[in-house]
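Worksheet: the structure to be examined is printed underneath.
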Amino acid sequence: MGKGSIRDKISGEELLRLLRDNLRVDWREYVALVAYETDGNPFAVLAAVVLSQNTNDKNSIRAYLKLRQTIGVTPEAILEASYDDLVEAIREAGLPRQKASALKALAEAVVRWGGENYLLKAPPEELREKLMSIRGIGPKTADVFLSLVRKAPGVFAVDTHAARVARRWGLVGEKAGYDEISKALYNYFGPGNSEEAHRLIIALGRTYCKARRPRCRECPLRSVCPSAQ
DNA sequence: TTCCGGGTCC
DNA sequence: GGACCCGGAA
């Protein structure tokens, strides 16, 4: 099965260019960016990323907008709302009880940390650790925030697309865990490229490198990908 | 009616 | 490896 790595065919920089030239990223489709652009406050972005967990963007954007309209997306508003109202507001995102609890815990933590300013000022590594200590926030959610809002160096958020694509590119083995995949992608694309590369990989994963029945024959990377058929 | 997409915790 | 969940497509 040793299929080799895409690294042997093309540099990360060249691959980035190839992706950029062949895929269109619709930024409005990403709930984190919707939150970033419409509200801009760091808590709202984090809340939006929580809503997007295990949920397609259509559902998470709808849930975000409803939350925004019925309760509000600030730590104070989330803490003030009843659990049941919160669940109702975010229902369309799926896993609403789990996410309502996560939002409550996040709001509580942000208040304990002295407010949203901490999210903007804390050293990224310390913040990552603290975010991940909140039940309902894992590495992906923390890393999306750190790279999108904090532009933290050394971060590459790994969602289901990034993990699958990294495996198919031969950058990591089949059993690689989150941190290993994240490091491999970061090192390959290089500093400063995580955000763009991540968006493009998501677009690639949706359009060509799909979980089932990948469309290798039409894929713009077919000549360099070790998994192309 | 079943299937799909999509992270975190246990 | 199972539990948690929805809307929409097949």
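Chain letters run A, B, ... following the sequence lines, proteins first and then strands; every chain starts at 1.
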Among C:dC5, C:dG7, B:dG5, which nucleotide sits nearest the side chain of A:Ala211?
B:dG5

Between C:dG8 (P) and A:Ile61 (CD1): distance, integer Å
13 Å

Could you tell me the separation between the NE2 atom of A:His198 and the P atom of B:dG7, rounded to a whole number of Å?
8 Å

Is the distance from OP1 or OP2 of B:dC4 to the nearest side-chain N or O of A:Arg212 less than 4.0 Å?
yes

side-chain N/O A:Lys58 vs C:dG7 OP1/OP2, d < 4.0 Å
no

When the distance from CG of A:Asp57 to C1' of B:dG7 is rounded to whole Å, what number comes out?
14 Å

Salt bridge (charged side-chain N to carboxylate O under 4.0 Å, His left out) involving A:Arg68 - partner list, sequence neighbours excluded:
A:Asp39

In whole angstroms, the gap separating C1' of C:dC6 from CG of A:Leu67 amounts to 16 Å

Rounded off to whole Å, could you give me the CG-to-C1' distance for the A:Asn56 and C:dG8 pair?
8 Å

Side-chain N,O (A:Thr55) to OP1/OP2 (B:dG7) below 4.0 Å:
no

Just checking, is any N or O donor in the side chain of A:Tyr83 or A:Glu88 under 3.5 Å from an acceptor N or O on the other one?
no

Verify the contact: side-chain N or O of A:Arg213 to OP1 or OP2 of B:dC4, cut-off strictly under 4.0 Å; return yes or no.
no

Locate the shortest heavy-atom distance separating A:Ala47 from A:Leu106; write the atom from each residue and the value.
N-CD2, 4.3 Å

Counting only side-chain heavy atoms from C-beta out, which of C:dC6, C:dG8, C:dC5 sits nearest to A:Asn59?
C:dC6

Can you figure out which of B:dG7, C:dG8, C:dC5 approaches the side chain of A:Arg97 most closely?
C:dC5

Does A:Arg135 put a side-chain nitrogen or oxygen below 4.0 Å from OP1 or OP2 of B:dT8?
no

A:Gln53 CD - C:dC4 C1' separation (whole Å)
11 Å

Result of checking A:Asp159, A:Val158, A:Leu148, A:Val155 against A:Asp143 for side-chain contact (heavy atoms from CB on, under 4.5 Å)
A:Val155

Determine the sole option in A:Leu131, A:Ile134, A:Val144, A:Val149 for which the side-chain contact (heavy atoms from CB on, under 4.5 Å) test with A:Leu46 is passed.
A:Leu131

Give one of base, sugar-phosphate or nothing for A:Ile134, where a contact means two heavy atoms less than 4.0 Å apart.
sugar-phosphate

Whole Å only: how far is the NZ atom of A:Lys99 from the C1' atom of C:dG7?
12 Å

Separation of A:Arg206 atom CZ from C:dA9 atom P, in whole Å?
15 Å

Check this one for me: any side-chain N or O of A:Arg91 less than 4.0 Å away from OP1 or OP2 of C:dC6?
yes

Counting the atoms with a prime plus P, OP1 and OP2 as sugar-phosphate, which does A:Ser60 contact under 4.0 Å by heavy atoms, base, sugar-phosphate, or nothing?
nothing

